[in-house]
Engineer: 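Mind having a look at this structure? Questions to follow.
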Protein chains: 2
Amino acid sequence: MTEVATARRSRITPEREAELYESVLDLLREVGYDALTMDAVAARTRSSKATLYRQWGGKAELVAKAMRHNKPGGSATEVDTGSLKGDLHAIVEHSDDCEMEQNAALMRGLAMAMHGNPDLLQAFREHLIEPEMAEFQSVIQRAVARGEISADNPAFGFVKHMLIGGFMARTLIDEQPPTQEFVLSYIDAVVLPALGVPTA
Amino acid sequence: MTEVATARRSRITPEREAELYESVLDLLREVGYDALTMDAVAARTRSSKATLYRQWGGKAELVAKAMRHNKPGGSATEVDTGSLKGDLHAIVEHSDDCEMEQNAALMRGLAMAMHGNPDLLQAFREHLIEPEMAEFQSVIQRAVARGEISADNPAFGFVKHMLIGGFMARTLIDEQPPTQEFVLSYIDAVVLPALGVPTA
């Protein structure tokens, strides 16, 4: 089903949707993914379970969409600074460290929950990682169109591994929040040189 | 305690040690980290539990050292091809895909087990990640000494995030084994350009 078809069938306003996603994330922080029930979401948000299932299909999809809605950082499609470095920095600078830290804590818990919940991994891939990576790819495509970077750079296939991998290594191995400072340094030292942008 | 001090106190031969690590990994594949007991290791390896504890301190350390002993790929200190690209490729090509796939499956399980076992994360950091990264750093230092790359490259601080992050993103998000082909392409497209080595 396309986004448009979903929207047409829905009687939920964007404000109501945002409120609902906030409640889902609150519940997630309180009880964790495994203990989160659709009953609890329905009670907290004063919705019917039928509405929740009709709108989101299930818990995994609802949680993935709530995370996407709440993701720190600006939308990649909203920024256009004229350079790849400027665009990537603008996306990162749009969020604050507190937001990123909260998000990292939630992501850590969810990454662990994916172990026993393959449907959660699938929902994350479909509703969070793929749309986010598509946004980054569009930022990169603009840089190609400007002639800033070459169209056949082999690093294009590894944007996901560079960005998400760096984020994962920072939170899971360093056990440090991926602060703005960390992400900006990582973009300048790793991502831009790999994409062929001189940063000096 | 230093490696030397441990070795002096030990009456375990390197062959016996290798055999013991193999048994630990077999048990790990059979029952997983949480269900693995020192009793089972003692029984399987016909050791006394006292010996196991004296030698390794505990389950987390034993498992981390067994993983390090078994890690696919050559030791970074054994290769010296004369170029950074040659060295990194030699390390990766030393292992085969079957080994890497088995290792990735074990690592996936252990990454999940780290959630409830902070001592496992700590043991991994100390006995697996840090020694491995120190080896990579020595390979990179040789490239600096040869004048192949610049000593003040900001990517030096992110070798861990690039390498382990790429590996994690491949296994956890793509759910694909990090094949030789993947790792070699990733090194050429991401790691070497970030470190300032032209790959064309």
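The sequence lines fix the lettering, A, B, ..., with proteins before strands; numbering per chain opens at 1.
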Engineer: So do the side chains of A:M38 and A:L62 get within less than 4.5 Å of each other, counting heavy atoms only?
Structural biologist: yes
Engineer: Can you name the salt bridge (Lys or Arg N to Asp or Glu O under 4.0 Å) partners of A:R125, sequence neighbours left out?
Structural biologist: B:E175
Engineer: Considering residues at least two apart in sequence or located in another chain, which fulfil the ring pair (Phe, Tyr, Trp, His ring centres under 6.0 Å) criterion with B:H89?
Structural biologist: none
Engineer: So which residues of residues 146-171 of chain B are in contact with chain A at a heavy-atom cut-off of under 4.5 Å?
Structural biologist: B:P154, B:A155, B:F158, B:K160, B:H161, B:M162, B:I164, B:G165, B:G166, B:M168, B:A169, B:R170
Engineer: Only pairs of heavy atoms separated by less than 4.5 Å count here; which of A:V191, A:L121, A:D174, A:L195 has the most with chain B?
Structural biologist: A:D174
Engineer: With sequence neighbours excluded, what pairs up with A:Y21 under the ring pair (Phe, Tyr, Trp, His ring centres under 6.0 Å) test?
Structural biologist: A:W56, A:H69
Engineer: For the residue pair B:L36 and B:K59, what are the closest heavy atoms and their distance?
Structural biologist: O-NZ, 2.9 Å
Engineer: What are the two closest non-hydrogen atoms of B:A66 and B:V24, and how far apart are they?
Structural biologist: CB-CG1, 4.1 Å
